[in-house]
Structures are given as C-alpha cells and as structure tokens.
Amino acid sequence: MTSSLEAAHLWLRLDSYPLDPTPTRWIVVLLLFSVWLLALGRVTDPSPDRVAYSVFALSDLEGDTYQPLREAVRERLASFECARSPHLQEFARSKVKGWESHGHSRTYVLVCAAGDEGIDVPAFFTVGMTSIDFTKASSGIRKKLSGSISMLQTGAYTIAELARSDRFTGEQLPGSVILDEAKEIIRQSRALIAGRFLVVDAQVKVFESLYRPAGFKQLAIAEPPMGMPDEDFVTGCAVIRDW
C-alpha cells in the first residue's frame, strides 16, 4: 500500500504549476487529489452521502517537503467550527500545536477535497496516554474490565479529543467512523507496546450515543473541561482486545 507521505507527493506536485485562476487548474487539482486519496487506501464508503477522506498525523507533515499541505491543514484547523463543544473548537484553533510540540499527545486529521478551497478538515482526533483509577468504578465494572488480573490503578491509552466540523453532517461523516479511525491508531500502538485499556472523557449524551455502543463502560463522573462548566461529563473505558 502507498504510504500517506508517498501519496502526498501527488498533491504537492501541484505546487510546481503556475498559479492559474481558471477552472482548468481546479479540475486538475481535484483529479489529483482524488488519485491521492485512492492511493492511500483509506477512503470512506463511496456512497453519495459520505465524504471521502484520508488520515494524516500532524507530526508526519513536519519538514519542508510537506509545507504546502501542512500549512493548508493548519489554516483549516485555525477556523475549525464546533459549536457543540467550545473546548474542542478552542483546542483545534489554538492548542493543537502546543500539545504536539510538548509530546503529550498526537493529533490526526481527516482531510478531504473542498472545491476551490483545495482541502478541508472535516474532523480530527487526539490520542495519548493516561491512567485509570479503578477505585472509582463499581466492583462489577472493575471485574469486567480487569479480567483475571485485578489492579486498582494502571496505565491506558486515551482519546483526549475527537470532533467533527460543523461544516459536515453526521450523514456525511458519522462519529462512529471518526472513532474507528482513532481505534485503528490505538490498535497499531498496542501491537508494538501492549496495553489493555482505552479511556475517554465525554459528555453524557455523546457517551451514550457514540462510546457506549462501541463497547465502552462508564467508570465515573468526570470534571467538565474549561468553557463547558454546565455540561455533564463521564469517564468511560473499553478493553482494546474486545474490538
């Protein structure tokens, strides 16, 4: 399979074309972008209602070679719209770079074609490491999650952020699809360094509609993030091997 960075060269070759505002240039742009997406092998359901996208780690776009794509992605994140969650909108617009540089987490963006704008970022997710305190969970949940090796506290992977842009609908890009992409990254990490648990903090309504159907168990009540003091949040956990 062609790697994300190898396939990205198809897009970056456009930089060598003279700037031309005519429709012909944009037809070429969209055609090459479509080839790029197909070459990646990570395209969504081709049904008319679904947006086709590819997934990139922001860290993969560092360096001069991928500057045009990196700058375009940063521009889209700087104007990312998510009225449902001021916290996620603020993270996308002003905090992603800091967390990436710190090394505390890694952010992945879903990138799609967007007409004359070139590209758009319909969604992103951020993954990292955290810890679980099982003393806050019921004995029944603790037993189901821990299995034959019981512990009160342990390390875990986490989906720290996950958001879809308001420019796209749930029909175009379901939350379950974004979650599946995040789970795939966690699967790859687990294959290299092990790990049993994946943890999320989410609004109750999001947990019930997205995470619980995906196999997450509620552990405890969570503190809401800054900017959302009136919302109810919970901590959920899933056993990775059950996917």
Side-chain angles (χ1 to χ4, degrees), residues 3-9 11-12 15 36-37 40 42 53-82 84-112 114 117-131 155-168 173 175 177-193 195 197-202 206 222-228 233 235 240:
S3 72
S4 295
L5 294 185
E6 289 169 345
H9 280 297
W11 171 256
L12 297 175
D15 230 29
W36 169 44
L37 288 171
L40 289 171
R42 296 284 297 280
Y53 66 82
S54 188
V55 182
F56 285 93
L58 291 184
S59 58
D60 283 345
L61 301 180
E62 293 301 322
D64 294 340
T65 304
Y66 303 103
Q67 181 179 357
L69 180 58
R70 181 176 70 251
E71 292 304 317
V73 167
R74 286 179 176 176
E75 287 180 8
R76 300 301 176 267
L77 287 174
S79 60
F80 193 85
E81 299 175 7
C82 187
R84 301 179 301 280
S85 174
H87 165 75
L88 290 171
Q89 180 170 284
E90 179 66 17
F91 182 86
R93 292 183 176 186
S94 64
K95 296 183 179 180
V96 168
K97 186 176 180 179
W99 285 92
E100 282 283 317
S101 299
H102 185 268
H104 190 74
S105 61
R106 284 286 176 259
T107 294
Y108 293 76
V109 290
L110 278 63
V111 179
C112 69
E117 295 179 5
I119 67 163
D120 203 347
V121 175
F124 73 90
F125 59 87
T126 300
V127 294
M129 303 298 295
T130 189
S131 61
Y157 297 100
T158 181
I159 300 176
E161 320 288 350
L162 186 150
R164 180 181 61 240
S165 168
D166 290 344
R167 292 160 61 102
F168 295 82
L173 184 58
V177 170
I178 309 170
L179 178 57
D180 283 345
E181 294 290 355
K183 289 164 63 177
E184 178 59 29
I185 299 300
I186 299 299
R187 279 195 196 95
Q188 295 174 21
S189 297
R190 182 179 186 268
L192 295 174
I193 59 175
F197 303 110
L198 174 60
V199 173
V200 297
D201 283 352
V206 176
E223 290 292 325
M226 292 182 62
M228 303 181 68
F233 277 72
T235 297
I240 298 171

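Only heavy atoms go into these numbers, but all of them, side chains included; no hydrogens, no water, no symmetry mates. Sequence positions, counted from 1, serve as the residue numbers for this chain. Because the structure is a prediction, the values reported are computed rather than measured.
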Test side chain to side chain donor-acceptor pair (under 3.5 Å) on Glu90 and Ser94; report intermediate values, then the result. CA-CA 6 Å; Glu90 179 66 17; Ser94 64; 2.6 Å; yes
Checking side chain to side chain contact (heavy atoms under 4.5 Å, CB included) for the pair Tyr53/Leu173: CA distance, chi angles, key distance, verdict? CA-CA 10 Å; Tyr53 66 82; Leu173 184 58; 4.1 Å; yes
Passes side chain to side chain contact (heavy atoms under 4.5 Å, CB included), Leu162 versus Val200? Steps please. CA-CA 10 Å; Leu162 186 150; Val200 297; over 6 Å; no
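Taking Gln89 as the reference, Glu81, Cys82, Arg93 meet the side chain to side chain contact (heavy atoms under 4.5 Å, CB included) condition, with sequence neighbours excluded.
Side chains of Tyr157 and Arg190 form a contact here, defined as non-hydrogen atoms less than 4.5 Å apart. Looking at Ile178 and Phe125, their side chains come closer than 4.5 Å, going by heavy atoms from C-beta outward. For the pair Asp120/Phe168, a side-chain contact is recorded, criterion being any heavy-atom separation below 4.5 Å from C-beta on. Taking 4.5 Å as the limit, some side-chain heavy atom of Ile159 sits within range of a side-chain heavy atom of Leu179.
Separation of atoms CG (Leu110) and CZ (Phe56) is listed at 10.5 Å; rounding is to 0.5 Å. Taking CG from Leu77 and CG from Leu58, the interatomic distance works out to 6.5 Å, rounded to the nearest 0.5 Å. We find the CG-CD distance between Asp201 and Glu161 to be 9.5 Å, quoted to the nearest 0.5 Å. With values rounded to the nearest 0.5 angstrom, Ser165 atom OG is found 12.0 Å from Leu88 atom CG.
Listed here is the closest heavy atom pair of Ser105 and Glu100: O-OE2, 3.7 Å. Nearest heavy atom pair, residue Ala72 against residue Ile119, reads CB-CD1, 3.5 Å. In this structure, Met228 and Pro224 approach most closely via the heavy-atom pair O-CB, 3.2 Å. Across Gly195 and Ile240, no two heavy atoms sit closer than the pair O-CD1, 4.0 Å. The two residues Gly155 and Phe197 come nearest to each other via the heavy atoms O-CD1, 4.3 Å. Across all non-hydrogen atoms, the minimal contact from Ala57 to Tyr108 is CB-CE2, 3.4 Å.
Side-chain atoms of Arg106 do not come within 3.5 Å of backbone N or O of Gly128 as any donor-acceptor pair. Under a 3.5 Å cut-off, the side chain of Arg70 and the backbone N or O of Gly63 do form a donor-acceptor pair. Remark: side-chain polar atoms of Thr158 are paired, donor with acceptor, to backbone N or O of Val199 under 3.5 angstrom. With hydrogens and angles disregarded, a donor-acceptor distance shorter than 3.5 Å links the side chain of Arg84 to the backbone of Arg164.
Taking the six-membered ring where the residue is Trp, Phe91 and His87 present tilted rings, their angle falling between 30° and 60°.
Here Arg74 pairs with Glu62 in a salt bridge; the nearest charged N to carboxylate O distance falls below 4.0 Å.
When each of Ile186, Thr130, Val127 is checked for a side-chain contact (heavy atoms from CB on, under 4.5 Å) with Leu198, only Ile186 meets the rule.
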